[in-house]
There are 2 protein chains.
Amino acid sequence: MESTFAIIAEPSRRAILSLLATSERSVGDLEEELNLSQPSVSKHLRVLREAGFVESRIDAQRRLYRIKPEPLMEIDAWLAPFRRYWSAHVDALERHLDQMNPAPRRKGRK
Amino acid sequence: MESTFAIIAEPSRRAILSLLATSERSVGDLEEELNLSQPSVSKHLRVLREAGFVESRIDAQRRLYRIKPEPLMEIDAWLAPFRRYWSAHVDALERHLDQMNPAPRRKGRK
DNA sequence: CTTGAATATACTCGTATGGTTATATAACTG
DNA sequence: CAGTTATATAACCATACGAGTATATTCAAG
């Protein structure tokens with residue numbers, strides 16, 4: 001019953017997706033890169049898998065997860081009607097992000 | 001404490017934004033176009049306003065709400081790293097959306 | 001077949017959030 | 001000012017969801 005949008009509302013799930021954007025990873029990889037408990041990672045991956053954001057392949061005892069783009073494409077498509085507001089405000093985003101992101105770039109936090 | 005993504009996780013809020021994408025509307029307009037209670041609309045608008053998705057101007061007793069693009073631009077920006085998956089799958093989205101959206105197109109109705 | 005590593009699942013708990021009803025505030029109308 | 005329209009806010013409730021702990025499952029190694 002979770003919508004595509006609800007799925008990426010969760011910060012840990014977005015973090016997982018961002019890591020997978022670069023390359024395939026195992027549960028353990030994600031666990032340590034994100035400082036999350038193993039059950040937590042598995043649970044999020046389950047949600048992501050059932051919603052079609054990721055798929056896994058088996059490598060011995062490990063599962064390697066990778067991105068499946070369709071749901072993200074759906075979100076991209078939803079944004080379409082709003083894009084006409086963009087061009088006028090090309091650099092408004094930078095200002096906005098600056099004020100959201102106090103520190104320029106920090107490793108994974110506490 | 002609501003993230004940009006959490007805000008648009010709510011279906012009614014997405015509906016409000018989609019309506020506002022076309023044109024400015026009053027609370028009453030939204031209320032009837034979406035079949036929501038007035039307090040519910042006001043509450044969602046408050047969340048959207050505080051997160052910078054919309055702004056309002058006063059017209060007598062009515063408040064006219066309109067889109068502010070910045071947070072949506074932020075989401076658009078977040079999608080950037082995944083766009084490299086798009087091109088390969090140009091029409092995969094259509095298939096995906098078809099299977100999500102059973103009926104092709106229906107008026108807003110209750 | 002036993003052990004250990006990697007991952008999945010079950011269960012419980014606390015909290016955040018959306019809906020509703022009722023009430024408050026504000027502005028126009030006469 | 002009284003009445004009415006438009007919107008906001010408050011209080012309450014039910015539910016959903018993420019975190020954590022414990023346990024189950026699967027596979028490789030010896």
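Throughout, protein chains are lettered first and strands after them, A, B, ... in sequence-line order, and every chain is numbered starting at 1.
Atom CD1 of A:I16 is separated from atom P of C:dT7 by 12 Å (rounded to the nearest Å). Between the CZ atom of A:R57 and the C1' atom of D:dC27 there is a distance of 16 Å, rounded to whole Å. Spacing between atom CZ of A:R14 and atom C1' of D:dG18 amounts to 14 Å, rounded to whole angstrom units. Counting to the nearest Å, the C1' atom of C:dT9 and the CG atom of A:L45 are 14 Å from each other. Atom CD1 of B:I8 and atom P of C:dT17 are 16 Å apart (whole Å). In this structure, A:R46 places its CZ atom 16 Å from P of D:dA19, rounding to the nearest Å.
Contacts classified as salt bridge (charged side-chain N to carboxylate O under 4.0 Å, His left out) and involving residues 15-28 of chain A (residues at least two apart or in different chains) are given here: A:E24-A:R57, A:E24-A:R66, A:R25-A:E33. Each salt bridge (charged side-chain N to carboxylate O under 4.0 Å, His left out) pair with one or both residues in residues 8-23 of chain A, not counting sequence neighbours, would appear here, but there are none.
The ring of B:F82 has its center no closer than 6.0 angstrom to the ring center of B:W86.
Proximity of A:Y65 to the phosphate of C:dA6: no side-chain N or O atom is located under 4.0 Å from OP1 or OP2. For A:R13, a side-chain nitrogen or oxygen approaches OP1 or OP2 of D:dG18 to under 4.0 Å.
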Take nucleotides 19-30 of chain C nucleotide by nucleotide from the 5' end and write B, S or -, depending on whether a protein heavy atom sits under 4.0 Å from the base, only from the sugar-phosphate, or from neither. BBBB----BS--

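Checked by atom type and distance alone, the side chain of A:D29 pairs as donor or acceptor with a backbone atom of A:S26 at under 3.5 Å.
Side-chain contact between B:L48 and B:Y65: absent, with no pair of heavy atoms (C-beta onward) separated by less than 4.5 Å. Inter-residue side-chain proximity for B:V41 and B:L34 is flagged as unmet; no heavy-atom pair is nearer than 4.5 Å.
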